[in-house]
K.L.:
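Handing you this structure, nothing more for now.
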Amino acid sequence: MTHGDNDPFELEAMIALRRDLHRHPELGFEEVRTSDIVARWLEEAGIEVHRGLGKTGIVGTLRVGTSSRAIALRADMDALAMPELGDVPYKSTTANTMHACGHDGHTVMLLAAARHLARTRRFSGTVHFIFQPAEEGRGGAQAMLADGFLDRFPIDAVFGLHNMPGLAPDEMAVVAGPQLASSDSWEVTFHGVGTHGAKPHLGRDAMTSAAHFLTVIHTIVARRVDPLQPAVVSACAITGGDFRALNVIPDDVRIGGTARAYSAQVRDQLEAEIGQLAAGVASMFGIRASYSFKRRIAPVINDAGATAAAFAAASVVTGKPVVTDFPPSTAGDDFAEFSNLIPGCYVWLGNGPAVGGALHHNSRYDFNDAAIPTGARYWTALVEQELV
Ligand SMILES: [Zn+2]
Ligand SMILES: [Zn+2]
């Protein structure tokens, strides 16, 4: 591969690789081909490679100079289980699998920076390049931590990046505080006593309890959570009864949904309040409710110090002022697993206009290759500024 002063990030090769990854997307914990390519390109650049963290995760380690300071830069590698409906020439060749969140671009930008840093070595300290599997709700960050990531690779700070349609590809947003919401799921089952639909008085109606619960659940956000704190509680699934038996009141009705918050306190509150309401409504109708709350992804909350470092790096790589008032997203990212333990900062990099309105997780979304140089420059500047 050719590279030089006017092509520090091997741009042509990186764009080709991004499109190759796009053509061959892999779901969480199945990134065998992707992680193998990443490992080989890191090794070729002389970077120490550790395979198999969190099954398909890779950590590349580059040590330069004498400083004991260490930071980690994280990219995610997985695709989504959905069909690609756009018609790019490098369209997915795997049925019902698509890079609809731009993780192909994230992987390539970090790889480009890693190879550049391995050549130029203008820093002192240790940088660990995290190529994480399974960000899309499958627990890749947790799996890497469970495999001893922090013991094997002690770090002082951790940094993440996600593309964002709507910002220009040479534009970045760096904001302290909450960036992404917690993303948890909950289930309530009302256990009544089933009976003949014509004789409701002989049973205990779980259906009516469920209906009441669905109307009062919105009082959690409206009446219980601090109005200055964002929160979402949504019911998203309900099952009970059978359309082939419309004369039967069922024993049980099951409801499930999502809960989102931007602080640990509100997250705890949502967990408690949903269960309390379910129990209260059930008792109002003389029945019982079972409740479970599954913590999936913690909120991503940027540390002030790490954010100052990210801002300084973003300031020197983009021709545009760094956006510092970008609103948080109600989506989630398991980068929080790292940044809950180590001071961290998660930034946004523009992906250009949302072509045809295609945002993340849209079947026509595509990562914008014009963002690759900005992302690679950001990672490089961050390392050179942080490890001195
Ligand atoms: Zn996504
Ligand atoms: Zn994503």
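Please read all numbers here as calculations on a predicted model, not as lab measurements. Each ligand, and each atom within it, is numbered from 1 in the order the structure gives.
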K.L.:
Would you say that more than 12 heavy atoms from the other residues, nucleotides or ligands in this model lie under 6.0 Å from the CZ of Arg204, or not?
P.N.:
no
K.L.:
Short check: any N/O/S atom of His162 below 2.8 Å from the Zn ion (ligand 2)?
P.N.:
yes
K.L.:
Quick one: angle His361 NE2 - the Zn ion (ligand 1) - Glu136 OE2, to the nearest 10°?
P.N.:
100°
K.L.:
Give a yes-or-no answer on whether the side chains of Thr56 and Glu31 include a donor-acceptor pair shorter than 3.5 Å.
P.N.:
yes
K.L.:
Between the Zn ion (ligand 2) and His103, which N, O or S atom of the residue is the nearest one?
P.N.:
NE2
K.L.:
Taking the ring centre of each residue, are Phe149 and Phe338 less than 6.0 Å apart?
P.N.:
yes
K.L.:
Within the 3.5 Å criterion, strictly below it, is a donor on Thr258 or Arg260 matched to an acceptor on the partner's side chain?
P.N.:
yes
K.L.:
Regarding Cys101, does it place an N, O or S atom less than 2.8 Å from the Zn ion (ligand 2)?
P.N.:
yes
